[in-house]
Number of protein chains: 2
Amino acid sequence: MGERYLKSVRLLAECMQGFERFSGESVRQHGLTHAQFDIIATLGNTPGMSYKELGERTLITKGTLTGVIERLEQKGLVLRERSSEDKRSFFVRLTPAGDAVFCDVFPQVVAHGKQLFSAYSEAEFDALNGALRLLRERIAAGSQSLSSPTNKELP
Amino acid sequence: MGERYLKSVRLLAECMQGFERFSGESVRQHGLTHAQFDIIATLGNTPGMSYKELGERTLITKGTLTGVIERLEQKGLVLRERSSEDKRSFFVRLTPAGDAVFCDVFPQVVAHGKQLFSAYSEAEFDALNGALRLLRERIAAGSQSLSSPTNKELP
DNA sequence: TATTGTTATACTCTATAACTATA
DNA sequence: TATAGTTATAGAGTATAACAATA
């Protein structure tokens, strides 16, 4: 079938995979797994967040998250504090050491990325970011209509 | 700190993650893991390929690949044949059952995708695909200068 | 009753390295 | 020697479900 958007999806996957080829090596060299770096990168440049929010952002389910955070805590990279508002909830944030790793690992990813994007013009940046921003919007809109079970597809 | 392309990378990751939110559920409902679906999707609509090529395309290392293929073989979804040219090498391809799964799982991913892209205009498609195609090219060019000269070209 | 996070189970993936059999 | 794939190992991620404490 002429499912045209399949090409978009495949392109997206190929680009993401290509980028992971870059970043994966740097991440592993720092003794971090993909899931662990996912957490570090999500917490980086934020004041911290709850397990729930962290799980939603990283697509890591709560049962798994407990273990991943535990290992990062043992490495001294993250900190857990009970929320004062909701005593069921934890607030997770990077320690100074965790922030140092974030700042240390990311430039390495960035160094590859810089090389990758060095040939980009202003216009090409705008085109890429514009296209991705639109896609992200549509994905977000689609997620909403899917998560509510009563919502059927539109004509 | 004006690393502008970091925004592109983040957008790319968010889009990919958003799409995985869609596809992940369908894939798991069919009893496939992410890695297994990765193999199925890579073998789909191809005459088959060697472990080596499969590993390069999916970023799954050879030691892991043995196990993943083994499980897919036990499920009757893939077939391994010794290459007649190079007797060290195997040729892996989907069985009819595997192809059925590919055709069965993919439309479900596609059904979500179709809804997602239903609001896309011709121009928006062109913009997205053009931007992604350029990015893929640049990533490929960057990869060559970094690691092995494995040249992958798609039509 | 619903939600946040923990624990338990069983399995899969992962990196790495040593191994075989071809080349 | 080099390459394609296997095996072994130890650790980590994963889905799922039952559970505790809190809301």
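Basis for what follows: all heavy atoms, side chains included, without hydrogens, waters or symmetry-related copies. Quick note on labels: first sequence line is chain A, next is B, and so on, each numbered from 1.
- Ion pairing between A:R133 and A:E137 fails under the 4.0 Å rule for side-chain N and carboxylate O.
- Listed for the A:T64 side chain is no donor-acceptor partner under 3.5 Å among the backbone atoms of A:I60.
- No donor-acceptor pair under 3.5 Å is formed between the side chain of B:K75 and the backbone N or O of B:L32.
- Taking a 4.0 Å limit (strictly below) on heavy-atom distances, residues 60-70 of chain B reaches DNA chain D at B:K62, B:G63, B:T66.
- Within the 4.5 Å cutoff, side-chain heavy atoms of B:L59 are placed close to those of A:Q17.
- DNA chain C lies under 4.0 Å from at least one heavy atom of each of the following residues of residues 46-57 of chain A: A:S50, A:Y51, A:K52.
- Atom CG of B:D86 has more than 12 heavy atoms from other residues, nucleotides or ligands within 6.0 Å.
- The side-chain hydrogen bond (donor to acceptor under 3.5 Å, both in side chains) check on B:K62 picks up nothing, with sequence neighbours excluded.
- Across the protein-nucleic acid pair, B:Q74 atom CD and C:dC11 atom C1' stand 13 Å apart, rounded to whole Å.
- The distance between atom CD of A:E81 and atom C1' of C:dG5, rounded to the nearest whole Å, is 16 Å.
- Residues that satisfy the ring pair (Phe, Tyr, Trp, His ring centres under 6.0 Å) test with A:Y120, not counting sequence neighbours, are A:F117, A:F125.
- At least one side-chain heavy atom of B:M49 sits less than 4.5 Å from a side-chain heavy atom of B:L43.
- Distance B:Q36 CD to C:dT14 P: 11 Å, rounded to the nearest Å.
- Put simply, the side chain of A:T42 gets close to the backbone of A:D38: a donor and an acceptor are under 3.5 Å apart.
- Atoms CG (A:L32) and C1' (C:dT14) sit 15 Å apart, rounded to a whole Å.
- Residue B:R80 is in sugar-phosphate contact alone, with no base atom involved, counting any heavy-atom pair closer than 4.0 Å across all strands shown.
- Judged as a side-chain hydrogen bond (donor to acceptor under 3.5 Å, both in side chains), and not counting sequence neighbours, the contacts of A:Y51 are A:R80.
- Under a 3.5 Å cut-off, the side chain of A:T95 and the backbone N or O of A:G76 do form a donor-acceptor pair.
- A:H34 places its NE2 atom 11 Å from the P atom of C:dA15, with the value rounded to the nearest Å.
- For B:R28, no side-chain nitrogen or oxygen approaches OP1 or OP2 of C:dT12 to under 4.0 Å.
- Within residues 83-91 of chain A, the residues that have a heavy atom under 4.0 Å from DNA chain C are, in order of number, A:R88, A:S89, A:F90.
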